[in-house]
Q: 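Before I ask anything, here is the structure I am working with.
Every chain is numbered from 1, with letters handed out A, B, ... down the list of sequences.
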Number of protein chains: 2
Amino acid sequence: MARPADPHARAALIAAARAEFARKGLKGARIEDITAACGLSKGAFYLHFDTKEALFGELVTAFQSSMADMSTRRVEGMQRFHREEGHPTVQDVATRSPLYLRFIQAESALDLELLELLWAYRDVVSVLIRGSQGTEFESSLWGLVDQEVARISREYRNMQVSCMADSSHDPELFGSFIVGAYLLLAKQMCTMRRKPDLAVWASSVQRIIHEGAAPREPLPVSPPALPAAARVPSRKPSSRRPQARASTRRSPRKRS
Amino acid sequence: MARPADPHARAALIAAARAEFARKGLKGARIEDITAACGLSKGAFYLHFDTKEALFGELVTAFQSSMADMSTRRVEGMQRFHREEGHPTVQDVATRSPLYLRFIQAESALDLELLELLWAYRDVVSVLIRGSQGTEFESSLWGLVDQEVARISREYRNMQVSCMADSSHDPELFGSFIVGAYLLLAKQMCTMRRKPDLAVWASSVQRIIHEGAAPREPLPVSPPALPAAARVPSRKPSSRRPQARASTRRSPRKRS
DNA sequence: TCGGTTGCTAACCGGGCGGTCAGAAATGAG
DNA sequence: CTCATTTCTGACCGCCCGGTTAGCAACCGA
């Protein structure tokens with residue numbers, strides 16, 4: 001009938017909440033600051049969300065399911081690679097054989113997907129890392145981290161049996177090493193003004209992992225990593241200021 | 001004169017506070033929980049510390065100065081190495097020359113120092129990572145992280161000019177990669193029941209960095225990483241319950 | 001034993017903030 | 001225009017917790 005709800009309110013609240021969470025953390029963010037950033041009052045928040053945690057929970061759940069999708073896609077992707085192409089050996093790595101190059105390419109493509117996901121959720125991830133201690137979401141991130149460490153450990157063990165990886169390294173340590181690296185990169189994405197070239201990141205990381213820092217042969221190197229793609233940080237603080245908003249001073253009751 | 005203070009009170013409070021911070025974070029830890037764990041009342045806390053943040057600040061300051069010491073010692077150590085031994089080249093890495101092995105040994109020894117420091121302060125570091133968002137200490141850790149990233153970037157650039165490192169990698173990315181890995185390792189130390197063999201970690205990490213995951217030659221490898229040194233997690237929840245503690249029920253005033 | 005001194009307790013205060021709700025504003029229907 | 005209906009406001013409540021303090025208990029020296 002009357003007074004249709006502001007269609008942007010919910011989205012604006014989510015955007016403002018993400019910004020505020022990123023700045024102050026889950027506990028530190030104040031509802032009034034979030035609503036004020038949208039030009040709304042505190043009460044309006046509770047028209048769209050049950051609690052502050054419920055809003056953050058929606059974001060976390062979305063991130064988690066995206067990660068779960070990606071993780072299974074990743075496992076399947078590498079299984080298919082190994083079924084169709086076989087396992088590269090240490091000689092493939094040393095000689096940079098076509099098989100090894102295809103392997104690196106496949107891994108980099110999957111890593112790029114991961115990095116794109118981390119970029120899309122970089123604020124949520126950053127809050128989970130830096131500001132979720134003592135909340136119900138603390139285990140969300142670290143559970144995911146443990147899963148990824150376990151997945152990489154398994155992959156590394158497979159590489160050990162196919163003589164592609166040094167058997168003197170602890171697979172768990174190796175997994176933590178990689179996951180920790182990605183975690184810090186995700187956290188650092190939050191302070192970047194422009195989106196970096198994640199494809200360069202992905203292939204760099206893969207080559208460091210497999211070949212180490214040392215160049216294998218003095219081939220004509222490509223220029224060092226620099227940002228290429230463009231995008232603005234994603235802010236959307238206060239949209240909308242439609243209705244009159246005259247000073248809503250409370251005058252003596254008219255009704256009763 | 002009279003009533004000597006409990007000599008363990010301050011130490012017990014610090015220990016209880018570390019445990020509580022590790023569990024709930026700086027904001028989430030409640031003074032009454034900390035004092036209750038020592039068998040003290042809330043007021044006693046303020047006989048030893050001005051605020052909750054002041055206590056945590058002492059720990060952070062101690063950690064920061066230890067890190068600063070270590071960082072300068074590290075830079076000096078590597079400068080002396082390069083002055084006395086020169087710079088290894090990519091051939092040194094490929095052939096695992098004595099120079100390269102001494103280099104790895106020197107780096108591993110310095111990394112071991114770092115890991116020992118992280119182990120000693122693992123609870124504080126973990127809180128700084130996971131629970132300092134929105135507090136005055138938020139910049140303490142991430143400033144340190146930026147410093148270390150910058151230091152490693154410089155070292156990597158040096159390795160690039162001496163042709164020990166692939167010039168196609170971004171030094172900043174390389175630095176973040178390593179620091180992120182160490183950060184996650186520090187965080188994981190908190191949930192470990194026994195102290196891992198940090199020397200194995202240090203040399204493993206160094207070799208992965210320089211040589212990658214691939215084994216260079218099938219030399220007779222040392223056994224895979226396993227814990228060797230021993231130590232218990234370091235808990236000290238509630239010591240002391242000395243004095244009578246009769247029910248201190250407040251009876252009508254006697255004095256005035 | 002007694003006075004003086006210090007350690008420690010626990011009741012108390014006050015601010016901050018999550019969450020509520022009566023009612024005012026906006027809007028469409030008739 | 002009037003009325004019904006829904007949105008949105010902002011004053012309010014109450015809890016939680018950091019920090020304070022009056023006063024009691026322990027202890028020392030004389």
Q: Does the pair B/E116/B/K195 count as a salt bridge with the N-to-O cut at 4.0 Å?
A: yes
Q: Between A/A5 and B/K42, which has a closest nucleotide on DNA chain D that is more 5'?
A: A/A5
Q: Between the side chains of B/R23 and B/E20, is the shortest nitrogen-to-carboxylate-oxygen separation below 4.0 Å, so that they form an ion pair?
A: yes
Q: Aromatic contact between A/F177 and B/Y182, with the criterion being ring centroids under 6.0 Å apart: yes or no?
A: no
Q: Separation of A/R10 atom CZ from D/dC8 atom P, in whole Å?
A: 13 Å
Q: Rounded to whole angstroms, how far apart are NE2 on B/H8 and P on C/dG7?
A: 16 Å
Q: Using a strict cut-off of less than 4.0 Å between a Lys/Arg side-chain nitrogen and an Asp/Glu carboxylate oxygen, indicate whether A/E58 and A/R10 qualify as a salt bridge.
A: yes
Q: Grab the CG-C1' distance between A/L47 and C/dC21 for me, whole Å please.
A: 12 Å
Q: Could you tell me how far apart B/I31 (CD1) and C/dT9 (P) are, to the nearest whole angstrom?
A: 14 Å
Q: How long is the line joining NE2 of A/H48 and P of D/dC8, in whole Å?
A: 6 Å
Q: Measure the distance from CD on A/E53 to C1' on C/dG19 and round it to the nearest whole Å.
A: 11 Å
Q: Between D/dC8 atom P and A/E32 atom CD, what is the distance in whole Å?
A: 18 Å
Q: Go nucleotide by nucleotide along DNA chain C from the 5' end; which of A/L26 and B/A44 gets its closest nucleotide reached first?
A: B/A44
Q: Looking at C/dC8, D/dG10, C/dG18, which one has an atom nearest to any side-chain atom of B/L40?
A: C/dC8
Q: Of the listed nucleotides (C/dG18, D/dC8, D/dG19), which one gets closest to any side-chain atom of A/K52?
A: C/dG18
Q: Can you tell me how far P of C/dT9 sits from CZ of B/F45, to the nearest Å?
A: 14 Å
